[in-house]
Q: 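Have a look at this one before I ask anything.
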2 protein chains.
Amino acid sequence: MVAYTPGQVVEETGFSLDTLRYYERIGLLEPIGRNASGQRRFTEGDVSWLGMVRCLRDTGMPIAEMVRFAELVRAGDQTIPERVEVLEAHDRRVEEQLADLRDKQEALQRKIHYYKDVMSIPDGVYDAQGQQAL
Amino acid sequence: MVAYTPGQVVEETGFSLDTLRYYERIGLLEPIGRNASGQRRFTEGDVSWLGMVRCLRDTGMPIAEMVRFAELVRAGDQTIPERVEVLEAHDRRVEEQLADLRDKQEALQRKIHYYKDVMSIPDGVYDAQGQQAL
DNA sequence: TCTTGCGCTGGAGTGCACTCCAGCTTGCAG
DNA sequence: CTGCAAGCTGGAGTGCACTCCAGCGCAAGA
């Protein structure tokens with residue numbers, strides 16, 4: 001039975017020690033096991049759950065919703081259909097984020113091109129007329 | 001010379017009135033013109049700059065960086081090369097965001113599939129062995 | 001043995017980006 | 001003329017997600 005020290009979990013997950021303790025406090029992590037002197041020892045399962053947390057967090061799921069999801073996971077297999085609903089709803093939001101980000105990036109790139117065009121006009125000829133909106 | 005009332009700008013840009021005032025306070029908007037009795041009247045230029053702000057904000061540029069960019073814009077055409085650098089650096093960050101978001105979405109969808117597989121196993125056969133990490 | 005570093009707790013503090021409020025003035029529809 | 005929606009100011013408050021701190025305990029390598 002392998003166990004991870006807090007330092008190892010920081011290393012593996014990229015979460016800070018304070019963040020791990022915070023996640024435990026708010027119930028995003030179930031109470032972490034301790035060794036004889038009270039130091040945390042994370043299991044493989046804790047670490048892999050943190051992988052899930054990272055995925056959800058980095059795709060913009062609010063902490064409160066992750067906590068609710070964590071509760072479903074702890075409640076056992078009969079919550080799997082509900083978990084699927086939560087994840088599918090989240091997936092749709094991610095899809096929207098992606099579409100929006102792509103659109104905004106296009107606008108950004110148009111702006112960059114516009115600036116580059118302006119720069120290519122010989123000095124003094126460009127007179128600030130015909131400004132573009134985006 | 002068309003002018004926009006605060007309400008019209010809220011309508012057009014989707015920023016709240018408080019947000020517009022906040023943006024003016026911190027210098028993300030230059031001081032907005034006023035009518036005889038002190039109410040704001042936004043110009044076409046103000047509104048199109050707000051379009052730019054929305055694009056940068058929605059792609060994750062921090063307010064402080066937008067303010068610096070606004071200062072470059074106000075400083076005149078000789079800052080165009082520097083503006084291009086700022087926007088290109090931002091564009092690269094957006095590219096990274098997109099790549100990361102796509103990866104995370106894939107992981108999320110794998111998880112959803114995993115759950116759906118689990119659900120398709122007849123009742124009682126699935127015994128929580130072979131849990132997957134993500 | 002010593003000292004360096006990892007870890008512990010509860011609670012306070014931070015940074016960002018707004019958002020709200022009281023108390024007031026203006027604009028305009030009926 | 002009246003009433004009410006829209007707008008004004010300065011300043012305080014909010015929500016989120018951490019992040020930091022003081023003061024302490026344990027442990028292991030030089």
Side-chain angles (χ1 to χ4, degrees), chain A residues 3-43 46-47 49-50 52-70 90 93 97 100 104, chain B residues 2-43 46-47 49-50 52-71 90 93 97 100 104:
Chain A
Y4 296 79
T5 64
Q8 287 167 334
V9 177
V10 166
E11 189 69 16
E12 295 236 343
T13 65
F15 291 116
S16 78
L17 188 48
D18 270 317
T19 298
L20 293 173
R21 294 196 274 239
Y22 165 68
Y23 283 174
E24 187 182 350
R25 268 210 295 283
I26 65 173
L28 183 51
L29 254 44
E30 57 187 288
I32 301 299
R34 305 306 179 101
N35 71 2
S37 55
Q39 299 193 343
R40 287 174 182 81
R41 291 299 176 255
F42 294 77
T43 66
D46 294 328
V47 173
W49 167 245
L50 282 165
M52 181 76 185
V53 168
R54 173 152 291 287
C55 176
L56 295 177
R57 195 201 79 154
D58 289 356
T59 48
M61 185 182 283
I63 293 267
E65 193 175 341
M66 290 197 282
V67 171
R68 253 173 283 128
F69 187 79
H90 183 59
R93 286 196 300 270
Q97 272 186 73
D100 192 56
K104 297 282 159 63
Chain B
V2 206
Y4 295 78
T5 63
Q8 286 167 336
V9 177
V10 166
E11 189 69 16
E12 294 235 345
T13 65
F15 290 117
S16 77
L17 187 48
D18 270 316
T19 298
L20 293 172
R21 294 197 274 238
Y22 165 68
Y23 283 174
E24 186 181 351
R25 269 211 294 282
I26 63 173
L28 183 52
L29 255 43
E30 57 185 289
I32 300 300
R34 305 305 178 101
N35 71 1
S37 54
Q39 298 193 343
R40 288 173 182 80
R41 290 300 176 254
F42 294 77
T43 67
D46 293 327
V47 172
W49 167 245
L50 282 166
M52 181 76 185
V53 168
R54 175 153 289 286
C55 177
L56 295 177
R57 194 200 80 155
D58 289 357
T59 48
M61 185 181 284
I63 293 265
E65 193 175 339
M66 289 197 283
V67 171
R68 253 174 282 128
F69 187 79
E71 281 158 7
H90 184 59
R93 286 196 300 271
Q97 270 184 73
D100 191 57
K104 297 282 160 62

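A note on names: the letters A, B, ... follow the listed sequences, proteins ahead of strands, and every chain is numbered from 1.
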Q: Check side-chain contact (heavy atoms from CB on, under 4.5 Å) between A/Glu24 and all other residues, then give those that pass, not counting sequence neighbours.
A: A/Leu29, A/Pro31, A/Ile32, A/Arg34, A/Arg40
Q: Please report the distance, rounded to the nearest Å, between OH in A/Tyr22 and P in C/dG13.
A: 18 Å
Q: Are A/Glu65 and A/Arg93 within salt-bridge range, i.e. N to O under 4.0 Å?
A: yes
Q: The criterion is side-chain contact (heavy atoms from CB on, under 4.5 Å); which residues satisfy it with A/Thr59, sequence neighbours excluded?
A: A/His90, A/Val94, B/Leu101, B/Lys104
Q: Applying the side chain to side chain contact (heavy atoms under 4.5 Å, CB included) criterion to A/Val9, which one of A/Leu17, A/Leu20, A/Asp46 satisfies it?
A: A/Leu20
Q: Students often get this wrong, so: under 4.0 angstrom with heavy atoms, is A/Tyr23 touching a base, only sugar-phosphate, or nothing?
A: sugar-phosphate
Q: Tell me: CZ of A/Phe42 to C1' of C/dC8, nearest whole Å?
A: 12 Å
Q: How close or far is atom C1' of D/dG11 from atom CD1 of B/Ile26, stated in whole angstroms?
A: 16 Å
Q: Given C/dG7, D/dT19, C/dC18, which nucleotide is nearest the side-chain atoms of A/Ser16?
A: D/dT19
Q: Could you go over nucleotides 22-26 of chain C and give all protein N or O partners under 3.5 Å, atom names and distances?
A:
unit_1 : atom_1 : unit_2  : atom_2 : d
C/dT26 : O3'    : B/Ser37 : OG     : 2.8

Q: Between A/Leu28 and A/Ile63, which heavy-atom pair has the shortest distance, and what is it?
A: CD2-CD1, 4.4 Å
Q: Please tell me which of the listed nucleotides, C/dT9, C/dC18, C/dC20, lies nearest to the side chain of A/Arg21?
A: C/dT9
Q: Starting at CG of A/Leu17 and ending at C1' of D/dC20, how long is that distance when rounded to a whole Å?
A: 12 Å
Q: Just to be sure I understand the rule, does A/Arg40 reach a base, reach only the sugar-phosphate, or reach nothing, if contact means heavy atoms closer than 4.0 Å?
A: sugar-phosphate
Q: Indicate, with a heavy-atom threshold strictly under 4.0 Å, whether B/Arg25 touches base, sugar-phosphate, or nothing.
A: base
Q: Check for me whether A/Arg54 meets the cation-pi criterion with A/Phe15, that is, NZ or CZ under 6.0 Å from the six-membered ring centre and within 45 degrees of the ring axis.
A: yes
Q: Among the candidates D/dT19, D/dG7, C/dG7, find the nucleotide nearest to the side-chain atoms of A/Thr5.
A: C/dG7
Q: Please tell me if A/Arg41 has a side-chain N or O lying less than 4.0 Å from either OP1 or OP2 of C/dG7.
A: no
Q: Measure the distance from CD on B/Glu65 to C1' on C/dA17 and round it to the nearest whole Å.
A: 16 Å
Q: Grab the CG-C1' distance between B/Asp18 and D/dC8 for me, whole Å please.
A: 11 Å
Q: For B/Arg34 and for A/Pro62, find the nucleotide of DNA chain D with the closest heavy atom, then tell me which residue's nucleotide is more 5'.
A: B/Arg34
Q: Rounded to whole angstroms, how far apart are CD on B/Gln8 and C1' on D/dG7?
A: 13 Å
Q: Could you tell me how far apart B/Arg54 (CZ) and C/dA17 (P) are, to the nearest whole angstrom?
A: 14 Å
Q: Quick check: closest heavy atoms across B/Glu12 and B/Val47, and the distance to 0.1 Å?
A: OE1-CG1, 4.0 Å
